Structure formats: C-alpha cells, structure tokens
Visitor: 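One structure follows; several queries about it will come next.
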Amino acid sequence: MTSEQTGAPFNKLSIFYPMWNEEEYVDRALTAARRACAALIKAGDIDDYELIIVNDASTDRTAEIADAIAAADPHVTVIHHEKNRKLGGAIKTGFAAATGDLILYTDADLPFDMAELPRAVRLMVDYDADVVSAYRFDRTGEGYLRTVYTFWYNLLIRTLFGVKARDINFAFKLCRAKVFDHVELQSEGSFIDAELVIRATRLGYEMLQFGVDYFPRTRGESTLSSPGIILTILREMRELRGALDGITPIITKD
C-alpha cells in the first residue's frame with residue numbers, strides 16, 4: 001500500500017543509530033523509536049518504518065543484544081562493521097542502508113525525547129522542508145568543555161561556510177531520501193554532520209530548524225570532545241573546504 005493510497009505523506013520512515021559500545025542503550029533506543037513510529041502511523045503521517053543499528057565494531061555486548069532484538073522484530077535490521085569506522089563511516093552506512101523515503105539519523109543515548117519526532121515530521125510537511133535539524137535549548141548539561149567547544153565550532157562553520165545552523169553537530173537530522181540523490185558524503189569523522197547540512201543547503205534543499213530539550217548521556221562515555229576528534233574535524237574541514245565551497249544550487253522550488 002502506497003502513501004498515495006493511504007494519504008500518508010511518507011511511505012516509510014527509516015531511523016538509524018550509529019552504535020559503538022552502546023549495550024546499555026540498545027533496547028531503550030529502539031523502544032523509544034517504536035513508540036514514536038506508532039504515533040506517526042496512528043496519525044497517518046507514515047505507512048511503515050524500519051529501525052537500523054549500525055554496529056561500528058563494538059567490543060561490548062552491543063552486537064549480541066542488537067542481533068537478538070532483530071531476530072524477534074522484523075522492523076529491526078543490524079549492520080556490522082568488521083572494523084571501527086568512526087562516526088562518519090557509520091553514518092554513511094546508515095544512510096546507504098535506509099530504504100525509506102524519510103530518514104532520521106540520531107544517537108543511541110537518547111539525547112532528545114523521541115516524542116519530538118512526530119512534531120518534526122509535521123513541520124517538514126507543513127513547511128515543505130527537505131531537512132529538519134534540531135538544536136538544543138540548553139547545552140549546559142553536557143559539561144563546560146563540550147558547551148564551549150560546540151559554541152566555537154558552530155561559529156566556525158557559520159564563518160567559513162555561511163551556514164546558519166544553531167547546533168550543527170546535534171544528532172537529529174531528519175531528511176527526505178531524495179536529498180541523497182545529489183548529496184554524497186565524504187567525511188569519515190564527526191565533521192559529517194556539518195558536511196551534510198552544508199552540501200544539502202548549498203544545493204538548494206530547504207532546511208528547517210527547531211528546538212528540543214536536551215538530555216545528556218547518563219551511561220557510557222562520549223568521546224566527541226577529545227583532542228583527537230577535534231583535530232580530525234579540523235583536518236576534514238580543511239580537506240573538504242574547496243569541494244564544499246564549489247557547490248552551486250541545482251534544486252529550485254516552484
């Protein structure tokens with residue numbers, strides 16, 4: 001049954017999670033996603049959904065737990081990386097594996113309430129947006145170092161690339177699948193969030209931003225403010241800047 005037959009704006013929503021050593025979050029992340037997808041189906045906004053776990057060569061029980069859930073739930077798919085490919089590699093795998101006409105990328109540690117997802121889908125439809133990117137109302141919960149890093153990083157992206165994104169690295173990117181007809185991501189690291197937004201908006205795709213309450217990680221450990229990650233972001237930014245600066249719009253809206 002197609003979306004045209006049911007009146008739903010989208011045939012299928014794909015939600016994918018890049019995961020590295022997230023054994024304590026696998027089940028709760030999928031449970032939250034199922035709840036949001038059920039609300040979207042009930043509202044008539046989607047016909048179906050799929051949940052994709054990209055296991056980035058975890059060394060804990062993430063793979064075992066994910067495989068067990070997938071075996072019992074046909075909506076769940078697990079993709080295993082033999083070698084750790086970092087955030088960028090996992091995100092590229094997730095977007096490539098998604099079969100829906102609507103795709104959400106987010107983190108397993110539940111940085112926002114999944115109840116916000118139906119709101120984001122309605123905003124996308126009502127405002128005819130191609131990408132919906134969330135920003136955090138209050139980032140102080142992530143700690144002083146991360147808050148400072150995020151502020152300067154967003155400022156750097158705005159200065160170098162002219163992208164008016166308030167929280168460009170926040171893990172809530174809801175995209176129409178058609179965006180990836182023209183957007184081919186290159187980053188293997190955490191610069192991939194910025195790369196996605198820069199490529200999409202420069203090609204002419206419309207981005208809408210909305211604010212959400214932020215819930216910092218309570219289990220496991222984040223590495224996104226480590227010196228190595230920051231240096232990788234800066235290196236990829238330098239390497240890709242020429243290609244990104246050369247993008248010209250190809251999408252026009254009536």
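Bear in mind that the values here come from a model prediction, so they are computed numbers and not experimental data.
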Visitor: Could you list the donor-acceptor pairs under 3.5 angstrom formed by side chains in residues 29-37, with sequence neighbours left out?
Guide:
from: Thr31; atom 1: OG1; to: Asp27; atom 2: O; distance (Å): 2.9
from: Arg34; atom 1: NE; to: Asp73; atom 2: OD2; distance (Å): 2.7
from: Arg34; atom 1: NH2; to: Asp73; atom 2: OD2; distance (Å): 3.2

Visitor: Say whether, by atom type as modelled, one donor and one acceptor occur between the side chain of Asp101 and the main chain of Asn11 under 3.5 angstrom.
Guide: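 Checking the backbone N and O of Asn11 against the side chain of Asp101, a donor-acceptor pair under 3.5 Å is found.
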
Visitor: Apply the salt bridge (charged side-chain N to carboxylate O under 4.0 Å, His left out) test between Asp167 and each candidate in Arg158, Arg136, Lys173; give the one that qualifies.
Guide: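 Answer after filtering Arg158, Arg136, Lys173: Arg136.
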
Visitor: Using 0.5 Å steps for rounding, measure from the CD1 atom of Ile198 to the CZ atom of Arg241.
Guide: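 Reported to 0.5 Å precision, the distance equals 10.0 Å.
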
Visitor: Are Arg122 and Asp45 close enough for a salt bridge, meaning some N to O gap below 4.0 Å?
Guide: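 Counted as a salt bridge, because a side-chain N and a carboxylate O are separated by less than 4.0 Å.
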
Visitor: Leu87 and Ser190: which non-hydrogen atoms are nearest, and at how many Å?
Guide: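 Scanning both residues, the minimum pair turns out to be CD2-OG, 3.8 Å.
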
Visitor: Run the ring-centre check on Phe112 versus Phe172 and record whether the distance is less than 6.0 Å.
Guide: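 Yes.
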
Visitor: Are Lys178 and Asp130 ion-paired here, with the side-chain N under 4.0 Å from a carboxylate O?
Guide: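 Salt bridge flag = yes for Asp130 with Lys178.
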
Visitor: Testing Arg85, Arg235, Lys86, Lys83 one by one against Glu188 for a salt bridge (charged side-chain N to carboxylate O under 4.0 Å, His left out), which residue passes?
Guide: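 Running salt bridge (charged side-chain N to carboxylate O under 4.0 Å, His left out) over Arg85, Arg235, Lys86, Lys83 with Glu188 returns exactly one hit, Arg85.
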
Visitor: Run the numbers on Phe215 and Asp213 for side-chain contact (heavy atoms from CB on, under 4.5 Å), then give the verdict.
Guide: CA-CA 7 Å; Phe215 301 95; Asp213 289 323; 4.2 Å; yes

Visitor: Just by modelled atom types, is the Ser58 backbone N or O under 3.5 Å from a matching donor or acceptor in the Asn21 side chain?
Guide: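 Looks like no, no N/O pair under 3.5 Å.
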
Visitor: Taking Ser14 for its side chain and Ala98 for its backbone only, find out whether a donor-acceptor pair lies under 3.5 Å.
Guide: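 No; zero donor-acceptor contacts below 3.5 Å.
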
Visitor: Could you check whether any side-chain heavy atom of Ile157 comes within less than 4.5 Å of a side-chain heavy atom of Phe191, counting everything from C-beta outward?
Guide: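 A side-chain contact exists here, since the closest heavy-atom pair is under 4.5 Å.
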
Visitor: Evaluate the side-chain contact (heavy atoms from CB on, under 4.5 Å) criterion for residues Val78 and Ile52: first the C-alpha distance (whole Å), next the side-chain angles of each, then the deciding distance (0.1 Å), finally the verdict.
Guide: CA-CA 6 Å; Val78 185; Ile52 303 169; over 6 Å; no

Visitor: Testing Leu102, Leu196, Val183, Val132 one by one against Cys175 for a side chain to side chain contact (heavy atoms under 4.5 Å, CB included), which residue passes?
Guide: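 Testing each of Leu102, Leu196, Val183, Val132 against Cys175, the sole residue satisfying side chain to side chain contact (heavy atoms under 4.5 Å, CB included) is Leu196.
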
Visitor: Going by the angle between their ring planes, with limits at 30° and 60°, are Tyr105 and Phe16 parallel, tilted or perpendicular?
Guide: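 Aromatic pair Tyr105/Phe16 classed parallel.
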
Visitor: Considering only heavy atoms from C-beta outward, does the side chain of Pro18 approach that of Asp56 to under 4.5 Å?
Guide: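 Pro18 vs Asp56: side chains apart.
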
Visitor: Is the gap between the ring centers of Phe180 and Phe95 under 6.0 Å?
Guide: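 Ring-ring flag for Phe180/Phe95: true, centres closer than 6.0 Å.
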
Visitor: When clusters are formed by joining ILVMFWY residues with side-chain heavy atoms under 4.5 Å apart, either directly or through shared neighbours, do Leu110 and Val76 land in the same one?
Guide: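 In one cluster with Leu110: Val76, no.
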
Visitor: If you round to the nearest 0.5 Å, how far is CD of Glu206 from OH of Tyr127?
Guide: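 Result: 13.5 Å between the selected atoms.
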
Visitor: Side chains of Ser133 and Gln209 only: does a donor on one sit below 3.5 Å from an acceptor on the other?
Guide: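 No, because no side-chain N or O of Ser133 sits under 3.5 Å from a partner of the opposite role on Gln209.
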
Visitor: Linking Ile, Leu, Val, Met, Phe, Trp and Tyr through side-chain heavy atoms less than 4.5 Å apart, which residues share a cluster with Tyr135?
Guide: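 Besides Tyr135, the hydrophobic cluster comprises Phe137, listed by chain and residue number.
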
